[in-house]
Amino acid sequence: MNRQRSPRGLSAAGIVIAVAVLSLLVTPSVRDGVALAILMMLTVTSALILLPSELRRARPVLTRAATSTMVVSVTLVATFFFSSTTDFNLATGAAMAVTLVGLSFLTGVSGQVSIGNGAFMGVGAFTMAIWSNHHATTPIAVTLLLSVVAGALVGFLLGLPATRLRGPYLAGMTLAFAVAFPAILTYFNSWTGGDGGLQLPNAANPPHWLNALFVHGTSSLTSSTLWLTDITIVAAGVAFFFMANLFSSRVGRAMRLVRDNEVAAELVGVNLNRTRVLAFVISSAYAALGGALWTFLNNSVTPATYSFALSIVILSVIVIGGIGTIPGALIGGLVYAYSTNVINWITNQTGLNPQGNFASQLNGIIFGGLLIVTMMLAPRGVAGVYYTLRRQRASKRGDVASPPKETYAEA
Amino acid sequence: MDVFLTSRIASDVLGGLTNGVIYGLVALSLVLVWRSTGILNFAQGAMPMLATYVGMVTFGHYFGYWICVVIAVLVGFLIGAGTERVLVRPLYGKPEINPVVVMVGFLTVLEAVAAAIWSSTPRSLTTPFSPIDFHLSGKPFALSAFSLYQIITAVVVMVAVAVLFRFTNLGLQLRASALAPEVSRLLGVRVNRMLTLGWTLSTGVGTITAILVASNFFTGLTPQVMDGIFAFGFIAAAVGGLDSPVGSIVAGIVMGIILQFVGDYVNSNAIILVALAILIVSLMARPNGVFSPVKTRRV
Amino acid sequence: MIRVQDLTVAYGAVKALVDVTFEARTSAITAVLGANGAGKTTLLRTISGLKSPVAGSITHDGAELTLMKTEDIARMGIAHVPEGRGVIGEFTVEENLRLGALTAKVDAKQSLASQYERFPILGERRRQHADQLSGGERQILSMARALIANPAVLLLDEPSLGLAPLITAQIMATIKELCASENLTVILVEQNASSALRIADHAVVLNVGHVVANDVASVVAEDEKLRQYYLGMVR
């Protein structure tokens with residue numbers, strides 16, 4: 001095996017070791033130290049897997065697993081040191097990123113767009129809450145999966161006509177669904193709890209297996225709400241791992257072919273209808289997972305969260321991050337997590353009256369404006385700009401420019 | 001006859017008709033833009049909403065209702081033309097999701113700007129027409145001076161658009177530019193101007209619709225007033241066929257009546273569910289719209 | 001008179017026309033001949049402004065057309081009957097003709113009547129949708145639609161395409177008649193070289209974007225080499 005190591009891999013390993021040493025020095029409890037040590041080992045292992053570039057090329061699935069593990073475990077380590085507000089923001093952003101990567105997938109590989117993903121998040125969020133209220137003992141993972149299934153089912157129902165239609169029709173239909181969603185929740189208010197929404201029954205109780213892991217401990221993982229944020233981040237990591245594989249799988253390639261050339265796709269035996277519906281179902285399922293994670297994270301769900309405005313915010317942040325790309329979803333999730341802070345900051349800096357009409361609408365003006373500006377100037381968002389710069393630099397160095405793995409709707 | 005006119009069925013039909021013409025108008029304005037530029041305009045409710053605020057609220061301080069209506073429609077024309085020139089023109093020939101995203105962004109900005117300027121509190125527009133139902137031998141039936149005004153205005157607008165498109169040279173050029181832009185240019189038609197005009201007309205029709213919606217005593221004018229109406233209008237246009245002005249108007253009216261029965265006999269929250277169901281079922285049965293001839297999909 | 005001078009047109013890196021120079025005189029038919037892909041259609045599209053050239057110029061009676069918009073070129077009296085006729089199938093025959101008459105400075109009713117007089121078949125079918133017409137009828141409709149505005153120049157792209165020989169002969173005869181009676185400058189693009197040469201006064205032969213012959217029609221028609229290599233005509 002080739003022992004040669006890339007400088008990037010070395011520096012990554014260096015950072016990991018530095019963080020590990022630091023964590024042992026500042027860890028407030030022994031139990032946290034144990035948890036952190038496990039995470040460190042995961043990080044180092046995945047970093048070692050990523051080092052040899054031949055391996056990266058030969059074993060893409062292993063590489064994606066290692067990348068996901070490394071990003072997740074580094075984030076988890078960080079959550080032990082951040083304030084609980086920051087942790088909560090990160091986890092909220094991670095759950096949002098799950099929704100975003102679903103939408104990114106839909107657009108990137110099938111060329112379609114949904115304006116109703118806020119409502120699909122709502123489907124997952126309410127499924128999670130309703131099921132937990134009726135079956136409090138179901139393990140979290142199972143409830144999350146059930147929410148995903150519910151999102152997929154609703155997506156299938158709405159996506160069926162997509163077999164016959166393209167582009168704007170699907171967008172219009174999902175918009176109608178998003179506008180209708182609050183009324184639908186009200187219609188089923190005996191289940192959904194009406195305007196007040198639902199509380200989770202076993203709120204703030206960590207699952208037994210997590211308690212069992214730290215029987216004697218006072219780990220901040222189980223004594224605070226840290227376990228909520230960390231489980232959310234792990235779930236998001238798993239979802240991203242599957243999505244990364246899906247993007248470059250046979251299914252993903254078939255979908256891109258349908259997007260770019262229907263005739264060619266039919267000639268090689270791709271079923272157009274099934275492919276289009278599948279893309280939409282996957283996107284809806286991912287949105288539902290994002291919503292379910294939000295319910296889990298907040299221990300409650302309110303219908304006001306899943307208004308039409310959320311769907312527009314979702315579209316905004318993924319377009320800003322880079323629709324059609326995986327990193328774009330991560331960037332979008334971060335943008336979402338900190339958007340409130342940024343907008344408050346702008347309000348303060350510009351001296352606007354925070355209670356005034358204008359300040360309360362700043363959100364819409366900025367997000368809507370960014371949607372337009374991004375689509376006009378850099379339709380692939382931040383991720384797209386990065387890819388373009390990287391390719392330019394590569395061609396300047398004289399390397400053979402290799403196109404990025406992801407392809408986009410608006411290339 | 002009197003007994004029938006005051007019956008529950010008759011009042012549902014009349015109430016449904018009153019709503020249905022609004023859905024038909026929104027659908028018509030969507031079809032105008034779709035046929036001329038191949039774009040589904042998601043800001044089709046918000047652009048007229050802004051025109052209505054400017055015309056009916058800002059100028060409402062100085063002028064009476066009818067003058068304000070004229071001003072609002074003129075502002076609507078301006079907004080439509082300006083939007084096509086500035087925002088839409090760079091989008092021609094781009095992948096279909098680009099105009100979708102841009103118009104959703106525009107919708108968001110317009111609603112936020114309107115709320116920033118005029119606040120989100122509903123404003124009632126004083127109309128010259130009473131919203132109180134007429135009475136027939138002492139019993140009310142579901143028609144008021146206001147709903148008559150609404151129905152008649154809608155029909156007049158629809159007929160005017162039909163006459164323009166069917167019988168005038170301008171209409172001929174608008175249709176030709178939509179059907180065969182290159183051939184039209186070879187015959188000297190200024191196609192770009194026709195595209196702008198399509199958006200102008202569409203926003204004008206939309207503004208009349210928004211004024212009617214906002215003049216309704218029970219809703220009033222809010223920045224989001226057209227969101228729900230847009231959804232119903234889109235459903236009507238999709239069911240009737242985005243290529244078919246007549247089909248989408250008919251679909252709008254029929255849907256208005258069906259949904260009125262649903263709201264009366266089932267539950268008002270079931271209305272949008274039924275509307276979605278109608279959309280899904282009809283799209284699966286007739287993808288190009290119930291009233292379009294069965295044709296292969298446009299590529 | 002149309003003058004094309006050193007015209008070069010490209011699609012990306014591929015040159016469709018290279019240094020093309022020729023003249024099309026008034027009251028004469030200039031046939032532009034050549035195989036598929038020779039650049040004939042591109043030539044017409046460039047004259048009517050649908051495609052902009054890389055270099056060179058096009059003038060009509062001395063007026064520069066090169067940078068003008070298609071609509072304005074059409075309004076100058078340069079009528080282009082595109083490949084595949086370009087009739088609007090969803091329109092009736094009369095609507096198609098009315099569309100052609102929009103830019104005319106004459107009374108629309110009167111010019112409609114004169115076209116119905118010239119082509120009685122169109123008068124009979126005036127209320128029918130254009131997609132119900134036969135190929136020959138469509139060709140007549142698209143020519144009538146071009147003529148209704150009294151153009152000075154008529155650009156015809158493959159009028160014989162898909163037509164039976166008898167109909168082709170009739171269409172060609174009509175073109176010849178019109179050219180004489182209306183003092184038209186006709187540029188006739190054809191793959192069917194023998195039909196075109198029978199009525200043409202002048203002929204330009206294109207091969208992959210280059211002019212390989214530019215001469216009196218009868219001379220081109222008699223040139224064995226041209227006939228064999230570029231025109232696909234076997235005696």
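Naming: A, B, ... by sequence-line order, numbering from 1 per chain.
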Evaluation steps, side chain to side chain contact (heavy atoms under 4.5 Å, CB included), between B:Asn269 and A:Leu185: CA-CA 9 Å; B:Asn269 284 311; A:Leu185 288 179; over 6 Å; no

Heavy-atom pairs under 4.5 Å with chain B are the metric here; pick the option from A:Leu315, A:Leu157, A:Leu370 that has the most. A:Leu315

Which atoms of A:Phe367 come close to chain B, meaning under 4.5 Å heavy atom to heavy atom: side chain ones, backbone ones, both, or neither? neither

Less than 4.5 Å apart, side chain to side chain, heavy atoms only: is that true for B:Leu242 and A:Tyr169? yes

Would you say B:Phe42 and A:Leu175 make side-chain contact, with heavy atoms under 4.5 Å? yes

Distance check, rounded to the nearest 0.5 Å: A:Ile184 atom CD1 versus B:Ile272 atom CD1? 7.5 Å

Here the side chain to side chain donor-acceptor pair (under 3.5 Å) pairs for residues 185-195 of chain A, sequence neighbours left out, are none

Exceeds 12 heavy-atom contacts within 6.0 angstrom, atom CZ of B:Phe261: yes

Contacts of residues 225-232 of chain B with chain A (heavy atom under 4.5 Å): B:Asp227, B:Gly228, B:Phe230, B:Ala231

Sub-4.5 Å side-chain heavy-atom contact between A:Ile115 and B:Val100: yes

Nearest 0.5 Å, please: how far is CE in B:Met103 from CE in A:Met375? 13.5 Å

Are the side chains of B:Leu283 and A:Met173 in contact, using a 4.5 Å heavy-atom criterion? yes

Nearest 0.5 Å, what's the CG-CZ distance between B:Leu273 and A:Phe177? 9.0 Å

Counting heavy-atom pairs under 4.5 Å to chain A, which of B:Leu91, B:Val101, B:Ile117 comes out on top? B:Val101

To check you understand the geometry: which heavy-atom pair defines the closest contact between B:Ala116 and A:Phe358, and what is its length? CB-CD1, 3.7 Å

Whatever's closer than 4.5 Å to a heavy atom in chain A on B:Phe234 counts as side chain

Heavy-atom pairs under 4.5 Å with chain A - which of B:Ile271, B:Ile235, B:Val102, B:Val281 has more of them than the others? B:Val102

Residue among B:Asn98, B:Ile97, B:Val104 satisfying side-chain contact (heavy atoms from CB on, under 4.5 Å) with A:Val113: B:Ile97

Shortest non-hydrogen contact from A:Gly111 toward B:Glu96: O-OE2, 4.2 Å

How about A:Gln361 and B:Val113: do any of their side-chain heavy atoms sit closer than 4.5 Å? no

Give me the atom names and distance for the closest heavy-atom approach of A:Ala180 to B:Leu276. CB-CD1, 4.1 Å

Cut-off 4.5 Å, heavy atoms of chain B, and the answer for A:Ile365 is both

For the atom pair CG (A:Asn363) and OG1 (B:Thr108), what is the distance rounded to the nearest 0.5 Å? 10.0 Å

